[in-house]
Amino acid sequence: MNNETNDKNKKVVKIEVEVPQGKRAEWVGGVLTLVDDAPRNVIERIKTFEDACRELGIEAGEWINDRTGLGLEPDATAYLKLRIICAALNEGWKPKFIEGEFRYYPWFWLCTQDEISKMDGQKKQGRHLIPTGDYETGYAGLASAFSIYAPSSASAGIGSRLCLKNKALAVYCGKQFIDIWADFLLPRK
């Protein structure tokens, strides 16, 4: 009976606290605490160029966009964006270019619409296809572009600044940021 009386005499106080974006309220050691709400996995944290900038502490809107007045071509802007994206995905890892070190890159190729339509479901499953209508190409989709079909037969790979520390990140980067890669690799009309 005493417990009932004590429960009835207790006051319930409701406190509302605004939780900032990127945080969540959680009980830690008996204290209500604001903790980071960001996913732990880098692939979950970085879905956009702006996410990559935020990860590196860069103000995306002020650092680089089409309104900067720098007069950069789309491929140069894309390259700068990809450097930021790769740096963020690598979480501080930088290649040392030593024997036995592996570095990974997204791999792309151009497909005709006919080739795409002939692909079976399993072949299409691991691919992320985009139309190339805005680019100087007769091909149907960007699905690495080698420049070996020129008189010099020189092979041009992707620059080392755009390498990633593992295959999973390279695949993710190529699929998630395919539009930026297309701006980097293909000339616009």
**Asked** Is there a donor-acceptor pair under 3.5 Å between the side chain of Thr77 and the backbone N or O of Pro74?
**Response** no
**Item:** Atom pair CZ (Arg54) and CD1 (Ile84), whose distance is rounded to the nearest 0.5 Å
**Value:** 13.0 Å
**Complete:** Cys173 and Leu89 have their tightest heavy-atom pair at CB-CD1, 3.7 Å
**Min side-chain heavy-atom separation Asn166-Trp93 under 4.5 Å** = no
**Request:** Answer whether the closest heavy-atom distance between the side chains of Leu169 and Val42 falls below 4.5 Å.
**Result:** yes
**Item:** Side-chain heavy-atom pair Glu73, Tyr79 within 4.5 angstrom cut-off
**Value:** no
**Message:** Can you list, by chain and residue number, the hydrophobic cluster partners of Leu34 when the side-chain cut-off is 4.5 Å?
**Reply:** Val19
**Prompt:** Between Val31 and Ile15, is there a shared hydrophobic cluster once you connect ILVMFWY residues whose side-chain heavy atoms come closer than 4.5 Å?
**Reply:** no
**Asked** Does Glu91 CD have over 12 foreign heavy atoms under 6.0 Å away?
**Response** yes
**Fill in**
The ring pair (Phe, Tyr, Trp, His ring centres under 6.0 Å) partners of Tyr172 (sequence neighbours excluded) come to none
**Fill in**
Closest heavy-atom pair, Lys81 versus Ile180, reported as atoms and distance to 0.1 Å, is CB-CG2, 4.2 Å
**Prompt:** Where is the tightest heavy-atom contact between Ala60 and Glu50, given as atom of each residue plus distance?
**Reply:** CB-CG, 4.1 Å
**Message:** Given 3.5 Å as the limit, does a donor-acceptor pair link the side chain of Glu55 with the main chain of Asp51, or not?
**Reply:** no
**Request:** Using modelled atom types only, decide if a donor and an acceptor are shared between the side chain of Asn90 and the backbone of Cys163 within a distance under 3.5 Å.
**Result:** yes
**Asked** Taking all atoms of both residues into account, what is the closest heavy-atom pair of Ile46 and Ala88, and its distance?
**Response** CD1-CB, 3.4 Å
**Item:** Remaining members of hydrophobic cluster (4.5 Å side-chain criterion), Phe102
**Value:** Tyr104
**Request:** Locate the shortest heavy-atom distance separating Phe184 from Ala78; write the atom from each residue and the value.
**Result:** N-CB, 3.6 Å
**Item:** More than 12 heavy atoms from other groups under 6.0 Å of NZ on Lys167
**Value:** no
**Item:** Steps toward side-chain contact (heavy atoms from CB on, under 4.5 Å) verdict (Leu162, Arg83)
**Value:** CA-CA 6 Å; Leu162 301 179; Arg83 283 188 60 182; 3.8 Å; yes
**Item:** Heavy-atom closest pair, residues Leu72 and Leu80
**Value:** CD1-CD1, 3.8 Å
